[in-house]
Amino acid sequence: MNKTYEPKDFEHRIYDNWQKKGYFKAAPDKNKKPFSIVMPPPNITGQLHIGHALDCTMQDAVVRYKRMKGYETLWLPGTDHASIATEVKIVEKLKSEGTSKEQLGREKFLERAFEWKEQYGGRIVEQQKRLGVSCDWDKSAFTMDERCSRAVREVFVKMFNEGMIYRGNRIINWCPTCKTAISDAEVEHESTDSHLWHIKYPLTDGSGEIIIATTRPETLLGDTAVAVHPSDIRYKSYVGKTLRLPLVNREIPIIADEYVEKDFGTGAVKITPAHDPNDFEVGKRHDLPIINILNDDATLNENAGVYKGLNRYDARKKILDDLNSLGYLVKTESHLNNVGHCYRCNDTIEPIVSKQWFVKMKELAKPAIDAVKKKEIRFIPKRFEKAYLHWMENTQDWCISRQLWWGHRIPVFYCEKCGKATASIDDITACPQCGGKVHQDEDVLDTWFSSALWPFSTLGWPEKTELLDYFYPTDTLITGYDIIGFWVSRMIFSGLKHTGKKPFSDVVIHGIVRDDKGRKMSKSLGNGVDPIEVIENTGADALRIALVSGISAGGDIKWSSEKLEGYRNFMNKIWNAARFVLMNAEGCTIKEIGSFRLTLADKWILGELFRCVKRVTKLMDKYEIGLAAAEIYDFIWNNFCDWYIEFSKTALYSDDLERRNNVISVLMYVLRETLKLAHPIIPFITAEIYNELPNKDAEDIMISPFPENVGIVTKAKIIRSSFNAELAKMRSVMEVIKNIRAMRSDMNVSQSKRTALYIKPLGNNKALVKSSLSYIEKLACGSSIELVDSEPQGKNVTVLSTIAEVYIPMNELIDKDKEIARLKHELEVVESEIARAQGKLANEGFVKKAPTALIEAEKAKIVKYEEQKNTLLKSIDNLN
RNA sequence: GGGAGCUUAGCUCAGCUGGGAGAGCAUCUGCCCUACAAGCAGAGGGUCAUAGGUUCGAACCCUAUAGCUCCCACCA
């Protein structure tokens, strides 16, 4: 093995080998239980960012874990055509080339889009591979490939024929930059400082006026009424009269509607049905005309009269100026206003009445709500269930048409003769009713319409494929909380509706990656972290474990370079530990655990390993990858490296070949099992080291069996003991060593100075102490160690522990007064402990109600501390 | 306006069914001891946001308050 950890040297090679061997491939196998995950398809617009890296790492950890656990595991990857996002980018590119999509025409434009897909979709896949993701690339899907498109058509036609999809003239969210309708979910609301303008509308009969308050004066041009509350006495007499709209001079009615809040503004509201969702509803109730004043780029149209051609912001200014100079503007108040923005381009969206396609949601939502309420689908962590239910229960009909070219073109054909609209899975040229010529709808579907079908369209639905039969419903979905509404909920109702089955059982939600100051990573802040750059510098494993550590319960994760460095160091630690074990294995025979006598330390490390396996298994089953990583980190560093490897050195450096064989066998076993335990999280380094092991239990670590949580498992047997007794014993030996080290450090004794140690076992610990002498001598800087019955003659330093007292001749160290002071301090501590325990036992309530085990434990502590107190008093006395 | 979550060491976070406050990083001290200075050994550091309550016992359960974060929502 290389002396230093250089991930660049092997990550590519390891990954290529996995691919060559076909380990990622999944195929129905009746003898195995299936486990499947579909990957949330990244958009083809960009490149892998740190959020994807987190998403992929979590999925890969789960997938690798399940695969090692013996499941036939499918992780199905793919990419999303990302209708708007991609089209916007391509349009930008065309613009920079001095052309436009209109100039190009639909067909050529789509050619360009597919070229784009090849280029950028491919790049993301390459980047995912660098991360080590183990998905079945042969089954890669793309939301616009034949498979998925077929499913989209099937679903659309079915729902169209059932009346679940309808076309209607309704108010929708219009993005003037993307020049398309977007769904409610795609609008982000933002509080914005604005004004509330009070405008005077005169009565046509000249008998007075009404003052309305508005945040959008420019839409005045489209007003078709003014509304007041029916019970508002201020305006009661006005209802039914008409007003003359300023600037436009149109006569509009005063109507009464409950929608109006009496206490807000002036209690009178201008009604613009074409440009406000509420006004649209009011308009429907009162049968008001709808006057659209905007073009699709949000400039004013011919309905705006003299304001025609202005953009909406200039129009507002001009209209306010005009109102002011004509004396209509009576007051301007400041006002905090909620403004909707496009989630893609962030432009201010305009509510506009327009003819669009919608999916009826009410009927779809109900089973989707029930499935979660009945726990058929579980959210992890649970709190996201509420977010989901709330979203689902309040969802409005879903606007699915987009005025774009890149996407699934709506499969509806209009007859030019009889006007009939026909939805068809295959393109048609003639009207099925009258045989007339037809033309297809120009719009495409919302990109989420196809991703909603992802868990089953990718498996071949609507065909009854073997894959679908075996792997669907999928098991787990892992994604960020930001797309629960967009995606997760839509997959749930789509799956239930079209396959009759839930699409997955567990929805694991994680947070987003933020920078070290807790800010979202964004291009404008320039605080993004490029995963590929990190991989180049520190390796994929360090990136993976750094991402996954500290993430728990769906919370956001803060990224910091210190953290990354910490885990890079951990990788180095693993590397060197493995190197140590392998180096010392030369000339040794590796034996099966159980075929030779285990020492106390052997049993201890095996016990710790077993505990670690149990915890990691439990955590992985709960998708707590971060906490599992912490357990592994702790075991490897604090138990295996800091203690067991150190213990093992006395045996390894001895001349006794059998002892060496035994200890190297334990080292090798623990190393192998630990690598397997860690493999799902840090696949590369574990694979590279595993390949070097003489005791491999599989061709490759990724297809080796995950450590069992029933005990220590070898080919020869399963040792079910958890070694609890040995764990406790060894820990008390370690306490002796730690106490001696602490004392030495306290007394400023240099590490290289070795001393004689006299050790007096306490209670019935003689055998334990006797068997641990060599460990204590080696790890507590002893030059010699001797078992004694009492404190040796002369002046000594006394070190107290639970199982033994250790004496070190004073002359070996330095200062008598210092030692007395130290002992006095310890005496204080011991006395306060006695007082604490006594106080507890003096509490009547405690003695009466606390569990007996707890009371006994307190009593035992008093006995122990009293003993220590006596020793300390004697030692102090002896020094004086 | 409604809902959710968070508040534990200087920083990032653990803390299972209530039973003596933990880790990593940072800081300080001492160490190149034949795996690792990307390392080893040791140490300091906390009113568990605040105020009440339940309990023999509360970081943990209940109530209120404050601060932060996020989601949802049509008062123009």
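The chains referred to below are lettered A, B, ... by the order of the sequence lines, with proteins before strands, and numbering in each begins at 1. Computed from heavy atoms alone, side chains included, the values below leave out hydrogens, waters and symmetry copies.
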Confirm from the modelled atom types if [X] and [N] form a donor-acceptor pair under 3.5 Å, side chain to base only.
X        : N      : answer
A:Arg568 : B:rA38 : yes
A:Lys861 : B:rG20 : yes
A:Arg744 : B:rG42 : no
A:Glu833 : B:rG20 : yes

Think [X] has a side-chain N or O under 4.0 angstrom from the OP1 or OP2 of [N]?
X        : N      : value
A:Lys573 : B:rC40 : yes
A:His198 : B:rA76 : no
A:Lys753 : B:rC31 : no
A:Lys558 : B:rU12 : yes
A:Asn337 : B:rA76 : yes
A:Asn569 : B:rG39 : yes
A:Tyr644 : B:rA35 : no
A:Trp637 : B:rC40 : yes
A:Lys3   : B:rA35 : no

Of all the nucleotides listed ([options]), which has the minimum atom distance to the side chain of [X]?
X        : options                : result
A:Asp276 : B:rA76, B:rG19, B:rA35 : B:rA76
A:Arg741 : B:rA4, B:rG42, B:rC56  : B:rG42
A:Lys386 : B:rA76, B:rA4, B:rC31  : B:rA4
A:Ala742 : B:rA43, B:rA35, B:rC33 : B:rA43
A:Phe580 : B:rG19, B:rC74, B:rA35 : B:rA35

Touch class at under 4.0 angstrom, heavy-atom based, for A:Cys781 against every strand present: nothing

Touch class at under 4.0 angstrom, heavy-atom based, for A:Gly267 against every strand present: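 Base contact.
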
Pair A:Tyr343 and A:Phe486, ring centroids less than 6.0 Å apart: yes

is_close_aromatic(A:His229, A:Phe264), centroid dist under 6.0 Å: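 Distance test on ring centres: not under 6.0 Å, no.
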
Mutual orientation of the aromatic rings belonging to A:Trp575 and A:Tyr5 [parallel < 30°, tilted 30-60°, perpendicular > 60°]: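 Correct class here is tilted.
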
Taking every non-hydrogen atom, the tightest pair across A:Ser334 and A:His195: CA-ND1, 3.9 Å

Step-by-step side-chain contact (heavy atoms from CB on, under 4.5 Å) determination, A:Asn576 to A:Thr4: CA-CA 8 Å; A:Asn576 279 293; A:Thr4 49; over 6 Å; no

Note: A:Arg836-A:Glu858 ion pair, threshold 4.0 Å (strictly below):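 Salt bridge present between A:Arg836 and A:Glu858.
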
Separation of the C1' atoms in B:rU17 and B:rC72, to the nearest angstrom: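 The answer is 34 Å between these two C1' atoms.
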
